[in-house]
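Okay, so here's the structure we're looking at.
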Amino acid sequence: MTGEPQDDCLFCKIVAGQIPATIVRETDTTVAFRDINPQAPTHVLVIPKAHYRDAAALAAGAPELAADVLRETRAIADQEKLDSYRTIFNTGTGAGQTVWHTHAHVLGGRGLEWPPG
Ligand code: AMP
Ligand code: ZN
């Protein structure tokens with residue numbers, strides 16, 4: 001939970017431009033790009049440029065940055081013309097987190113069941 005770039009982090013490499021991604025929005029503090037394995041017609045990941053391992057670490061270490069990420073999820077929904085959408089932070093292995101640089105999934109463009117699996 002450092003905020004510093006990590007050499008072994010996939011999403012830090014996307015922020016640095018070392019790995020390609022389909023970037024759909026960028027701000028001073030965040031990047032949003034299409035998920036490589038989309039689960040809905042719109043499936044965009046919003047990340048802080050700074051490295052925090054999960055949403056809990058981000059909220060504790062940089063709450064203003066957590067707000068930036070959340071604000072960007074709405075901007076993505078507007079850009080994608082979504083009235084309804086779901087914002088998800090998988091936190092921990094048991095919840096399905098596989099990339100340890102916090103990211104908000106923005107899903108929409110189809111009906112979304114509740115509760116999720
Ligand atoms: P999570 O399982 O919540 O940690 O989400 C990680 C997400 O990152 C998954 O939905 C993956 O499909 C996605 N992903 C992994 N590698 C890439 C990549 N290189 N570009 C875009 N999305 C990726
Ligand atoms: Zn990272």
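Predicted model, so just to flag it, every value in this text is computed and none were measured. We count ligands from 1, going down the list as the structure has it; atoms in each ligand are counted the same way.
Among protein residues, Leu10, Phe11, Phe33, Arg34, Asp35, Ile36, Asn37, Leu45, Asn90, Gly96, Gln97, Thr98, Val99, His103, His105 come within 4.0 Å of ligand 1, judged on heavy atoms.
Side chains of Leu65 and Tyr52 form a contact here, defined as non-hydrogen atoms less than 4.5 Å apart. Between Val15 and Phe33 there is no side-chain heavy-atom pair separated by less than 4.5 Å.
Between His105 and His43, the ring planes are tilted. Angles from 30° to 60° get that label.
Screening Val46, Thr29, Asp28, Leu58 against Asp68 for a side-chain contact (heavy atoms from CB on, under 4.5 Å) leaves a single residue, Thr29.
Here the angle centred on the Zn ion (ligand 2), running from SG of Cys12 over to ND1 of His101, is 110°, rounded to 10°.
For His51, the N, O or S atom with the smallest separation from the Zn ion (ligand 2) is ND1.
Between His103 and Phe11, the distance from one ring center to the other falls under 6.0 angstrom.
For the salt bridge (Lys or Arg N to Asp or Glu O under 4.0 Å) condition, the pairs that include at least one residue of residues 79-107, sequence neighbours left out, are Arg34-Glu80.
In the displayed structure, Glu113 atom CD is contacted under 6.0 Å by at most 12 heavy atoms of other residues, nucleotides or ligands.
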